[in-house]
Amino acid sequence: MAQEYWKWPESDRLSEDVDWRKAKKIVAGVDIGTTGSQAAVFCDGALYGSANISTGYDFKAAADCVMSRILEPAGMSLNDIESIAATGFGAGNVSYASKALDEVRCVAKGARFMFGPNVTTVVDLGGQTTKAIRLYDWDRVRDFTFNDKCATGMGRNIELMADILQIPITEIGEKSLMAEKDPEPVSTTCYSFANPETVGLFTQGFKEEHYSENDVLASYIFAVSWRILGTIGKLQPLDPGDFTVYGELAFTGGLAKNIGITKRLERELYKTALTSEYDPQLAGAIGAALLA
Amino acid sequence: MITCGIDVGLENIKVLLLKDDQISARACGRSGGAGRSAAAKALWNDVLKSAELSASDVSKTVATGRGRKDVTFADFCVTEPIADAKAALRIYPKAVSVMDIGADQVRVIPLSEKNGTSQPAFNQKCSAGLGTLLRYMSMRLEMTLDDIGACAHNPAGGVTVNDGCIVFAELDALELLNQNTGREDVACAIIEAVVVRLNAILHDKTAPPKEGVVLIGGVAKNAAVVSGLKTRSGIDFIVPNHAEYGGALGAALLAAEN
């Protein structure tokens with residue numbers, strides 16, 4: 001079988017510092033996204049276990065699988081967990097959850113846990129949707145924006161590009177940053193225009209102008225970042241007098257692992273994003289667990 | 001005389017060797033991005049090896065497809081419609097029109113005038129990537145392209161997805177999966193959407209003839225798409241074996257002529 005460049009590696013981990021058998025209260029959150037699914041288990045307010053898998057075609061199976069990736073190695077059963085909350089596109093498929101929660105609320109909550117209580121701008125870069133969330137001094141979400149219909153599927157788009165270009169998806173971001181200077185971006189309207197255009201850049205005409213593979217990827221990732229920037233720009237401003245104030249900025253979701261996108265967004269927003277020890281894709285699941 | 005045709009597409013490279021007007025060897029491989037030029041060369045070497053020939057035996061190599069300029073060792077390049085037209089007339093000498101369904105582009109070329117270079121119809125901008133959509137769905141549904149092609153075509157009843165735009169079609173497919181629709185049903189819905197788009201392209205400029213239409217390109221290998229398109233358009237297409245080598249065949253024939 002040919003190498004599957006488009007697949008992001010799956011992961012699961014358990015904290016060694018926490019003993020769930022001694023915990024008084026165990027809660028869990030499950031985030032079933034269009035592309036990836038995550039679960040998080042908390043013991044007395046501390047993150048005990050997490051898992052991150054690819055959703056695949058069967059949402060029900062993904063919901064069961066992601067939880068078992070934590071339960072099985074821990075020797076835990078669903079009955080040990082007091083409350084389980086589901087969120088995300090496929091939340092309805094989590095049959096063992098006691099409630100379903102809104103994604104925006106979960107991501108905001110998760111981001112405050114992962115990046116600290118001062119986060120005011122959360123940008124969630126998912127497989128199909130891009131969300132920007134505005135928080136103030138309190139935990140409640142004050143404003144949020146979604147992508148326009150035609151900026152949908154940004155994460156999935158990069159999967160497809162990795163497959164067409166035969167470049168591992170984990171390397172696309174770094175390679176795009178190796179370009180000396182960002183060339184003109186490809187189409188920023190729709191990815192079904194951007195993808196063939198990107199492939200078209202690899203013709204000899206393009207090479208004659210001394211464009212390398214990295215330059216082509218830079219042009220492509222620049223276009224993706226451009227679309228994401230449009231979503232962030234629609235947010236209610238933190239300071240009505242100055243639209244360039246973003247406060248503490250955090251990126252979550254799968255594309256937050258693409259350094260080419262985060263670095264470009266930071267450059268355009270004149271702001272360095274916060275970093276976290278946690279996998280940025282876990283924001284929704286962590287938030288759901290904390291709200292469970 | 002031995003000639004070679006290379007068709008460098010968005011997803012795949014096809015190489016075909018023609019010996020004294022007969023096909024003697026063929027090979028197909030992934031294009032990739034920056035490695036496209038090297039991939040074409042490697043595939044060319046593979047074909048020569050399988051035919052037990054050396055590079056000097058090939059009198060001419062002609063490239064076509066969107067990445068044709070990457071084939072640095074080609075003697076000359078031809079555009080896709082010209083190669084398609086040449087191949088169609090070889091496959092079926094009485095052909096009056098040819099439709100090439102690729103990963104990215106769809107072309108309909110009438111062959112009545114000037115060997116088809118007069119009035120080709122292309123996909124409208126928003127039906128770009130129909131072949132790519134099928135590939136992505138095969139990745140997503142964890143079915144091979146052959147599995148998808150084997151899905152029974154069922155236009156009446158069942159579930160549907162958006163037939164205007166591949167991005168929306170995918171979103172609809174995800175929504176169906178989220179509702180626990182079976183993956184075969186989702187594949188059928190995707191095929192139906194592809195067929196609707198293809199039929200629209202077929203009728204874009206003029207009403208197509210009812211017979212003598214040759215179907216080539218990678219998507220022509222998908223049995224469900226072909227039978228669906230036959231039913232919807234009422235055209236009895238001529239689909240050759242190894243339909244994806246259409247462009248490469250045309251290029252090799254043009255190499256032999258010039």
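The basis for the numbers below is simple: all heavy atoms, side chains too, and nothing from hydrogens, waters or symmetry mates. Predicted model, so just to flag it, every value in this text is computed and none were measured. Chain letters run A, B, ... following the sequence lines, proteins first, then strands; residues in each count from 1.
For the set Thr35(A), Asn157(A), Leu165(A), Thr55(A), the entry with the most heavy-atom pairs within less than 4.5 Å of chain B is Leu165(A).
Looking at Arg36(B) and Val199(A), their side chains come closer than 4.5 Å, going by heavy atoms from C-beta outward. Pro196(A) has its side chain out of reach of Gln105(B): every pair of non-hydrogen atoms, C-beta onward, lies at least 4.5 Å apart. A 4.5 Å side-chain heavy-atom check between Tyr136(B) and Arg156(A) finds at least one atom pair inside the cut-off. Counting heavy atoms from C-beta outward, Thr132(B) and Asn195(A) have side chains that stay 4.5 Å or more apart.
Heavy-atom contacts from other residues, nucleotides or ligands closer than 6.0 Å to NZ of Lys234(A) number more than 12. Counting non-hydrogen atoms of other residues, nucleotides and ligands closer than 6.0 Å to NZ of Lys263(A) gives a total of 12 or fewer. Annotation for Arg135(B): atom CZ counts as buried by contact number, over 12 foreign heavy atoms lying within 6.0 Å. By the 6.0 Å contact criterion, CD on Glu171(A) is enclosed, its count of non-hydrogen atoms from other residues, nucleotides or ligands being greater than 12. In this structure, Lys221(B) places its NZ atom where only 12 or fewer heavy-atom neighbours from other residues, nucleotides or ligands lie under 6.0 Å away.
Both the backbone and the side chain of Asp163(A) come within less than 4.5 Å of a heavy atom in chain B. The part of Arg30(B) that comes within reach of chain A is its side chain, from C-beta onward, which places non-hydrogen atoms under 4.5 angstrom from that chain. Only the side chain of Glu170(B) comes within less than 4.5 Å of a heavy atom of chain A; its backbone N, CA, C and O stay farther away. No part of Met137(B) comes within reach of chain A, as not one of its non-hydrogen atoms sits under 4.5 angstrom from that chain. Neither the backbone nor the side chain of Arg68(B) comes within contact range of chain A; no heavy atom of the residue lies under 4.5 Å from a heavy atom of that chain. Contact annotation for Leu10(B): both backbone and side-chain heavy atoms come within less than 4.5 Å of a heavy atom of chain A. Heavy atoms of Tyr5(A) lying under 4.5 Å from chain B are absent altogether.
Between atom CD1 of residue Ile164(A) and atom CD of residue Glu11(B) there is a gap of 5.5 Å, rounded to the nearest 0.5 Å. The structure places CE of Met139(B) at 6.0 Å from CG of Leu160(A), a figure rounded to the nearest 0.5 Å. Here the CD1 atom belonging to Ile166(B) is positioned 7.0 Å from the SG atom belonging to Cys190(A), to the nearest 0.5 angstrom.
A cation-pi arrangement is absent between Arg140(B) and Tyr57(A) under the rule of less than 6.0 angstrom and at most 45 degrees off the ring axis.
Scanning all heavy atoms of the two residues, the minimum distance from Asn178(B) to Gly90(A) falls at OD1-CA, 3.1 Å. Lys60(A) approaches Asn180(B) most closely through the heavy-atom pair NZ-ND2, 3.6 Å. For the pair Gln128(A) and Leu174(B), the tightest heavy-atom approach, listed with the atom from each and the gap, is NE2-CD1, 3.3 Å.
When the ring-ring contact (aromatic ring centres under 6.0 Å, His included) test is applied to Trp226(A), the partners found at least two apart in sequence or on another chain are Phe222(A).
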